[in-house]
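Down below is the structure, laid out as structure tokens.
Residues take their numbers from the sequence shown, with the count starting at 1.
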Amino acid sequence: MQTIDLFTSPAVKISKEIKNKNISVKEVAKHIIDQKEKQDAILNAYLQFDSRKILEDAKSIQLKIDDGTLTSSLAGIPIAVKDNICTKGTKTTCGSKMLENFIPPYNATVIEKLEKSGLIIAGKCNLDEFAMGSTTETSAFGKTLNPWNNLYSPGGSSGGSAVGVSSGTAFCALGSDTGGSIRLPASFCGITGLKPTYGAVSRYGLVAHASSLDQIGPLTRNVLDCAAVFDQITGPDLMDSTCITTKASDYYENLTSFLNENENNSLPLKGKKIGIPHEYLGEGIADEIKKSILESAKTFESLGAECEYFSMPMVKYAVPTYYILASAEASSNLSRYDGVKYTTRAENVNDLMELYYKTRTENFGDEVARRILLGSFVLSSGYFDAYYQTALKVKGRIKKEFDFAFSKYDAILGPTSPDTAPKLGESLSDPLKMYLNDIYTVSVNLAGIPAMSIPCGFDSNNMPIGMQLIGSAFEEDKLFILGGIYQQRTDYHMRRPDLI
């Protein structure tokens, strides 16, 4: 008999109830199917969703849980996946007409790991086309709506994954983060999202946007679930030469032990130092965002941490540096989509050059075309040194600035975004404004370090506010401890939108 609230409970708790036979995998799967049918016609979080396959997988996973084969902390849990992560036998469109009918013949490494741990792949989620955007409005298959208010953007590019978790049509999800694409939608939708250290999670099977910046990571209801999903997907992979060679830690078990040991400790963070950059709270940030971040800092201080302001002058160069490098890599990566191989192909062409031209013109959206053009420009003869090479040097300086900060601090605290979710259409009408949404997130990708967005308040329109905790490379455990103890003492992450 069902004894647990499937709308609010952590995924790890639901998995425990499955193992204790208080609820079945089928019941959990049917909950997701029912919620998807109720909510997604409006929200448009999913691009692919196969109810029959979900129930078939639930049946086989239940047998393996019952006989003790599957024991992971998330066994039996359905998980949604961003539609730029390859899934064997299921479409992977990247939200683009270019890949509208592409069915991968293989799974991404993260999919193999999730299935091995007993999670059910619930469906593929909408995204900005080729993960280029901050609002999930550039998808060729329609925009995704924010469940807190359907007039607002859910953020992007992993907006479908975030909406799935926030609306209850997924217990947890995978996204990808090139410049904030996990953290922004996590912030705008009131959930937890982790951009891991570059190389902590295999990128094999992730359709490339900017290869030196892309990273797969979890979107979840809370930090405990975030640590549990990260546990399943992190670790070595021979198919990705940039991936770590050994798994660093048992993140979920370590976090659970810390929280249990410090549940009644009034100063569990004594000895921890948190840095707050002056630049993150200066010009351009909304007053309500700044207030929530300062209140969060006070919460950490009340738990024993020392919060200190410091300066990071190089971060003001992060946005232009990011868009030069990301666009350059995107221009190179997207050159493979030419109509010759596995992509959608233009018809009624007379020669190869016309095939290239018509295929790309007809099947790439405006934002993708804009970034290809920018990337081709900064890589062109005469501009390569002035733009691309200079951007690489600035990237190195930004990394050094973070390294220096982490010689003094356990983590850096700041906002995830300068404002709460924008109204639909606002960012598309002003691309520069959309790019500036990434002002607090892109530097993390340039430095290759981990960062996590967690809910820390609501604005006057009842839209979620997210704070960002940034850590040193491969020190996700510190972020989990800080975020986990914060959520143990606050309830922002427990609130859910009033869905129609």
Side-chain angles (χ1 to χ4, degrees), residues 176-184 193-203 208-217 234 240-245 248 273-282 308-330 332-333 375 378-379 384-416 435-436 438-453 468-479 482:
S176 68
D177 193 310
T178 307
S181 290
I182 287 173
R183 289 161 287 157
L184 278 175
L194 172 73
K195 180 267 169 194
T197 305
Y198 184 80
V201 179
S202 172
R203 290 181 298 110
H209 169 182
S211 303
S212 72
L213 306 172
D214 297 339
Q215 191 61 77
I216 296 171
T234 189
D240 180 359
S241 62
T242 65
C243 203
I244 56 175
T245 55
K273 291 191 69 174
I274 299 173
I276 305 172
H278 291 293
E279 291 79 5
Y280 282 11
L281 298 176
E308 181 178 286
Y309 292 93
F310 73 107
S311 184
M312 293 186 70
M314 287 302 296
V315 297
K316 66 183 177 182
Y317 302 111
V319 171
T321 300
Y322 167 80
Y323 277 100
I324 287 172
L325 296 178
S327 297
E329 293 187 30
S332 176
N333 280 325
V378 301
L379 291 174
F384 182 81
D385 289 336
Y387 291 100
Y388 184 74
Q389 289 281 39
T390 301
L392 285 176
K393 292 176 183 177
V394 176
K395 177 184 178 183
R397 291 282 299 275
I398 291 171
K399 174 67 166 65
K400 287 182 180 178
E401 204 162 70
F402 274 110
D403 289 342
F404 180 73
F406 290 124
S407 69
K408 299 168 61 179
Y409 306 113
D410 293 288
I412 293 171
L413 170 66
T416 306
Y435 299 162
L436 291 175
D438 303 337
I439 190 168
Y440 302 127
T441 56
V442 294
S443 57
V444 166
N445 298 77
L446 293 170
I449 54 180
M452 182 169 61
S453 178
Q468 184 176 209
L469 291 167
I470 305 170
S472 187
F474 300 107
E475 291 190 349
E476 282 85 354
D477 54 338
K478 289 185 178 181
L479 302 185
L482 289 171

Exercise. Kindly determine whether Ile324 and Val394 satisfy side chain to side chain contact (heavy atoms under 4.5 Å, CB included), including the steps that lead there.
Key: CA-CA 11 Å; Ile324 287 172; Val394 176; over 6 Å; no
Self-check item: Evaluation steps, side chain to side chain contact (heavy atoms under 4.5 Å, CB included), between Tyr280 and Leu413
Solution: CA-CA 9 Å; Tyr280 282 11; Leu413 170 66; over 6 Å; no
Self-check item: Full working for side chain to side chain contact (heavy atoms under 4.5 Å, CB included) between Thr441 and Lys195
Solution: CA-CA 10 Å; Thr441 56; Lys195 180 267 169 194; over 6 Å; no
Practice problem: Show your working on side chain to side chain contact (heavy atoms under 4.5 Å, CB included) between Glu279 and Ser311 and close with a plain yes or no. | Solution: CA-CA 7 Å; Glu279 291 79 5; Ser311 184; 2.6 Å; yes
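For Thr416, the side chain to side chain donor-acceptor pair (under 3.5 Å) partners at least two apart in sequence or on another chain are Ser453. Evaluation of the ring-ring contact (aromatic ring centres under 6.0 Å, His included) rule for Tyr387 yields Phe377 as partners, not counting sequence neighbours. Qualifying side chain to side chain donor-acceptor pair (under 3.5 Å) partners for Tyr323, counting only residues two or more places apart in sequence or in other chains: Asp438. Applying the ring-ring contact (aromatic ring centres under 6.0 Å, His included) test to Phe404 and every residue at least two apart in sequence or in another chain returns nothing. In this view, Asn445 and Asp177, Arg183 satisfy the side chain to side chain donor-acceptor pair (under 3.5 Å) rule, not counting sequence neighbours. Listed by chain and number, the residues in a ring-ring contact (aromatic ring centres under 6.0 Å, His included) with Tyr198 amount to none (sequence neighbours excluded). In this structure Tyr409 satisfies the ring-ring contact (aromatic ring centres under 6.0 Å, His included) test together with Phe310, sequence neighbours excluded. Under the rule for a side chain to side chain contact (heavy atoms under 4.5 Å, CB included), the partners of Leu379 that lie at least two apart in sequence or sit in another chain are Ala328, Phe384, Tyr388. Annotation: side chain to side chain contact (heavy atoms under 4.5 Å, CB included) contacts of Asp403 (sequence neighbours excluded): Lys399. In terms of the side chain to side chain contact (heavy atoms under 4.5 Å, CB included) criterion, residue partners of Ala318 (sequence neighbours excluded) are, by chain and number, Ile398, Val442, Ser443, Leu446. For the side chain to side chain donor-acceptor pair (under 3.5 Å) test, no residue two or more places apart in sequence or in another chain qualifies with Thr390.
Smallest separation of non-hydrogen atoms from Ala326 and Leu213: CB-CD1, 4.0 Å. In this structure, Ala405 and Ile412 approach most closely via the heavy-atom pair CB-CD1, 4.0 Å. Nearest heavy-atom pair across Gln215 and Ala200 is OE1-N, 4.0 Å. For the pair Cys243 and Val201, the tightest heavy-atom approach, listed with the atom from each and the gap, is SG-C, 4.0 Å.
Between Leu194 and Ile182, the closest side-chain pair of non-hydrogen atoms is not below 4.5 Å. Looking at Thr178 and Tyr322, their side chains come closer than 4.5 Å, going by heavy atoms from C-beta outward.
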Extract all donor-acceptor atom pairs below 3.5 Å that involve side chains of residues 470-479 and protein atoms in other chains or at least two apart in sequence.
residue, atom, partner, partner atom, Å
Glu475, OE1, Lys478, NZ, 3.2
Glu476, OE2, Thr197, N, 2.7
Glu476, OE2, Thr197, OG1, 2.7
Lys478, NZ, Asp410, OD1, 3.4

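Under the 3.5 Å distance criterion, the side-chain polar atoms of Glu329 are matched with a main-chain donor or acceptor of Ser211. Asp214 contributes a side-chain N or O that, together with a main-chain N or O of His209, makes up a donor-acceptor pair within less than 3.5 Å.
Separating the CD atom in Glu308 from the CD1 atom in Ile276 is a distance of 9.5 Å, to the nearest 0.5 Å. Atoms CE and CD, on Met314 and Glu401 in that order, are 6.5 Å from each other to the nearest 0.5 Å.
At most 12 heavy atoms of other shown residues, nucleotides or ligands fall within 6.0 angstrom of atom NZ in Lys400.
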